[in-house]
Amino acid sequence: MAALLNLLTDIEGVAVGHSTDLALGSGVTAIIFDEPAVASCTVLGGAPGGRDTALLDPAMTVGVVDGLVLSGGSAFGLDAAGGVQAGLREIGRGLQVGDARVPLAPQAILFDLINGGNKDWGLHSPYRDMGYAAFKAAGKGPFALGSVGAGTGATTATVKGGLGSASAVSSKGYRIAAIVAVNALGSATIGDGPHFWAAPFEENGEFGGLGMPKTIDTRLRLKGTNVTATTIGAIVTDARLTKAEAHRLSILGHDGFARALLPTHLPLDGDTIFAASTGKHDRDDMPSFMELCHLAAIVMARAIARGVYEATALPIDGTQPAWRDRFAKPVA
């Protein structure tokens, strides 16, 4: 088995691709499964935006999807799934319905319309083409973190947001990983300092190795009261899950939000987490599933901190500085 990269692509059969437009201040991330994956999702934010999320309810008929899409652009960004769907159709993927094939790539979006990027795109938004570009860019192995893909224009209450990922292996050898675009109304960092709320879960200095500060500042910090925000992501495992179990795993991913962001799930957040299983390895026992639920929260918390830690400021005057701009030590 390949060594861990601490990325979503540690899950066999999963590819990730980005489309990034720094001038636009927005982007798209596509998650593509080699084979249809069992999937579900949970929406706990008060201002969500999504496509085909209703079919992921455990009570609904369709059990598997071909991919998942994370995008900026708010409601305009929902065009991105059409681009990913076009790419999937091009290679013959999709749910067989009579003589037709319908590729399924549920999507969640975040609000990045007022981050300083040029959103004067004319009649049609660029997101369908960006979705297709993200699909074409999807690959196995390493992929970029920070201000890329769906995390390109992300912000938080204190520093620039971004796209993060992290992975883990259960005691029985099942792999589980998270990917997330951090665009929270609240903050991933503690007070006005460099420390991350997710510090207790950090591994191998993946977001600076600073630990916790001596004192904890829990005062409310928000990036605004008249904007929407939203953190969106996915948890994927190679352990076989039912659709109901995938739904439960998505709920536990939200526990990771609560451990890495303060506050989260606000009325103007649209926080959404997908969960999927490639089913590469059989399992049907409750103890192994509960461990995966435990790890889902941890990898999501770590991924959130990594997304903020790896972010860079947009190359646009007046945009939010990144963690690295404020806190990284200069190289001697």
Exercise for the section: Determine whether the side chains of Lys172 and Ser288 contain a donor N or O and an acceptor N or O closer than 3.5 Å. Expected result: no
Practice task
Hey, could you give me the CE/CG distance between Met130 and Leu24, rounded to the nearest 0.5 Å?
Solution key: 5.5 Å
Exercise for the section: Output yes when a side-chain donor or acceptor of Asp112 lies under 3.5 Å from a complementary backbone atom of Gly73, and no otherwise. Expected result: yes
Handout entry: Arg175 side chain to Val236 backbone, donor-acceptor under 3.5 Å
Key = no
Practice task
Indicate the ring-plane relationship of Phe196 and Phe207, choosing parallel, tilted or perpendicular according to the 30° and 60° boundaries.
Solution key: perpendicular
Problem - Side chain Ser147, main chain Thr312, donor-acceptor under 3.5 Å - result: yes
Practice task
Using a strict 4.0 Å threshold on nitrogen-to-oxygen distance, state whether Glu291 and Arg283 make a salt bridge.
Solution key: no
Exercise for the section: Answer yes or no: are there more than 12 heavy-atom neighbours, outside Arg221 itself, under 6.0 Å from its atom CZ? Expected result: yes
Problem - Presence of salt bridge, Asp192 and Arg326, under 4.0 angstrom - result: no
Exercise for the section: Look at the aromatic rings of His265 and Phe257 and report parallel, tilted or perpendicular, splitting at 30° and 60°. Expected result: parallel
Practice task
Compute whether any side-chain donor of one residue and acceptor of the other, for Asn115 and Lys160, lie under 3.5 angstrom apart.
Solution key: no
Practice task
Applying side chain to side chain contact (heavy atoms under 4.5 Å, CB included) between Arg306 and each of Leu163, Leu7, Val182, report the one that passes.
Solution key: Leu7
Fill in the blank from the handout: Between Gly253 and Met300, the two heavy atoms sitting closest are O-CG, 3.5 Å
